[in-house]
Amino acid sequence: MTLIYQSTRDKSNQVTASQAILQGLATDGGLYVPIKTPDVALDFDKLKNATYQEVATLVLSAFLDDFTPDEIAYCVAQAYDSKFDNATIAPLVKVDSRYNLELFHGNTIAFKDMALSILPYLMTTAAKKHGVDREIVILTATSGDTGKAAMAGFADVPGTKIVVFYPKDGVSKIQERQMTTQAGDNVKVIAIDGNFDNAQTNVKAMFNNEKLREKMAANNKQFSSANSMNIGRLVPQIAYYVYAYAQLVKTGAIAAGEKINFTVPTGNFGNILAGYYASKIGLPVNKLICASNENNVLTDFFRTGTYDKNRDFFVTTSPSMDILVSSNLERLIFHLTGDSDAATSELMAALNAKGEYKITPEMFDQLGQFYADFATEQEISSEITAVFDKNSYVEDPHTAVASAVYKKYLTETSDTTQTVIISTASPYKFPQVVVESLSGKKDESDDFDLVKKLENISGTPLPKAVSELFDATVRHHTVVAAADMEKAVSDYLNLD
Ligand SMILES: *Cc1c(COP(=O)(O)O)cnc(C)c1O
């Protein structure tokens, strides 16, 4: 039986996995979720010896079951190959008394590569299955990492175009250079005067704009999304939770069946939601620890049951988590309501109208698996220093948020459960805060000098993804006001 996906805002809006991947967002503004949890055979005596590709195949086959085994095998083989600079794809490294799952060995040295290296193949395979001959235009808002990872995946993929919007002053120099130097005849990068939430809100508005959709169709084009709202992003992320667990069984750190914690540096709630789905298919998970930076809207939500985005927005040293509207939380909300589209729609309408909603006590009671806290800028910096001093291991600021929050969790709970820190970026992507933390002094040098300093301090070699940026040509210069994003898309696509 084919697994059906339904919209969180209208359960009669139902599609298969491949259709959901093609569409990205549901046209009613909701997100697609599976109507039931698929069966996945999690036999860790076997899985402990499985490769990353084998684990990914197992998970993808269950959730994306209208793809044939050959199609899944093709997508997995194209995605998880030598573009990763580590043969195991996602190495698990012991740091102190816990483990760091390094998800930054792909093209753009951040965890978005885990899903975005496979999404283009899932999407073009889905298009072929459905006889779609329209050009697929990927529209993406990025807080820094998604944009580059999506472009790296989609560049020059026939039948596709990709438009990426990023907040001009909201990404690191390295991130910006990664994006503005992107080659490919089908890519367009646009900086906006505004923050990530402006970018994301306007991208969502374009998806929900019926007139624009008709115009696109008249030009033989259709939008799709590479944002983490697309289940083609979410599902591949479930795989590394299973893989990490299998590796712990393999090394004897845990016995098969023993529960573990995951600490996840969280922004749009995609990564940690994949952990939630992993536990729903039977992965033994004790706590999912949701770690935020000073944009701590999720910490307050998990503690009080009120989601309130009416607050100051901070530009922090972990920019990929500088988010006040965590889009994927809607999926969790939907499940907490007992899969009610009406209740979910009501809460999301409140968020839209007042910037705030409160969940019911019955919903709140189901949040026991989550723990949430945040780290200040000072705590992040101190954590980078502390982890390096003790273990000679350099964490990037996003990973350090998780690491610092895990420390608070330990102090508060004395929980001795084995814990995996989801490590989302290479420190080379955010060299300023890392070098300043490790040297103990301000350093305003250019990011490109900073990465060389970091190489000296840390002794770990500069990844190719960074070294090749040194003399790459800047190809993209467009900057627009947040309000002009739709116009910029129309111009680029020559819509009349
Ligand atoms: C995107 C990102 C995050 C946040 O992940 P979400 O799935 O949006 O919660 C954390 N760290 C890094 C480095 C990222 O790129």
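We count ligands from 1, going down the list as the structure has it; atoms in each ligand are counted the same way. All of these numbers come straight from a predicted model, not from anything done at the bench. One-based numbering along the sequence shown.
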Starting from atom 8 (O) of ligand 1, locate the nearest protein heavy atom and write down its residue, its atom name and how far away it is, to 0.1 Å.
N268 N, 2.8 Å
Regarding N328 and Y276, is there a side-chain donor-to-acceptor distance under 3.5 Å anywhere?
no
Between F430 and H398, what is the ring plane arrangement, given parallel below 30°, perpendicular above 60°, and tilted in between?
tilted
Just which atoms of ligand 1 are under 4.0 Å from any heavy atom in F269?
6 (P), 8 (O), 9 (O)
Looking only at protein heavy atoms, what sits closest to atom 2 (C) of ligand 1 is K112 NZ, 2.4 Å
With a 3.5 Å cut-off and no angle check, do the side chains of D308 and N310 form a donor-acceptor pair?
yes
Atoms of ligand 1 under 4.0 Å from any heavy atom of M321, numbered from 1 in the order shown, are 10 (C)
Is a donor on one side and an acceptor on the other found under 3.5 Å between the side chain of D113 and the backbone of N107?
yes
Counting each atom of ligand 1 from 1 as listed, which ones have a heavy atom of A425 under 4.0 Å away?
13 (C)
What orientation do F84 and Y80 show, parallel under 30°, tilted 30 to 60°, or perpendicular over 60°?
tilted
Numbering as shown, the atoms of ligand 1 that approach T266 to under 4.0 Å (heavy-atom distance)
9 (O)
Between F207 and F223, how do the two ring planes meet: parallel, tilted or perpendicular, split at 30° and 60°?
perpendicular
Relative to Y371, does K287 satisfy both conditions: NZ or CZ under 6.0 angstrom from the six-membered ring centre, and within 45 degrees of the ring's axis?
no
Can you figure out which of N227, L103, T424 has its heavy atom closest to atom 12 (C) of ligand 1?
T424
For D145, is at least one N or O under 3.5 Å away from an N or O on ligand 1?
yes
Taking the six-membered ring of F470, is NZ or CZ of K452 closer than 6.0 Å to its centre and within 45° of its axis?
no
Determine whether any heavy atom of S228 lies closer than 4.0 Å to an atom of ligand 1.
no
Among all protein heavy atoms, pick the one closest to atom 4 (C) of ligand 1 and tell me residue, atom and distance.
G267 N, 3.6 Å
Just jot down the ligand 1 atoms closer than 4.0 angstrom to any heavy atom of G270, in number order.
6 (P), 7 (O), 9 (O)
Go through K309 and E356 one step at a time and tell me if the salt bridge (charged side-chain N to carboxylate O under 4.0 Å, His left out) criterion holds.
CA-CA 6 Å; K309 69 158 190 163; E356 177 183 7; over 6 Å; no
Tell me which protein heavy atom sits closest to atom 7 (O) of ligand 1, plus the residue, atom name and distance to 0.1 Å.
N271 N, 2.8 Å
Closest non-hydrogen protein atom to atom 10 (C) of ligand 1, residue and atom name please, with distance?
P265 O, 3.6 Å
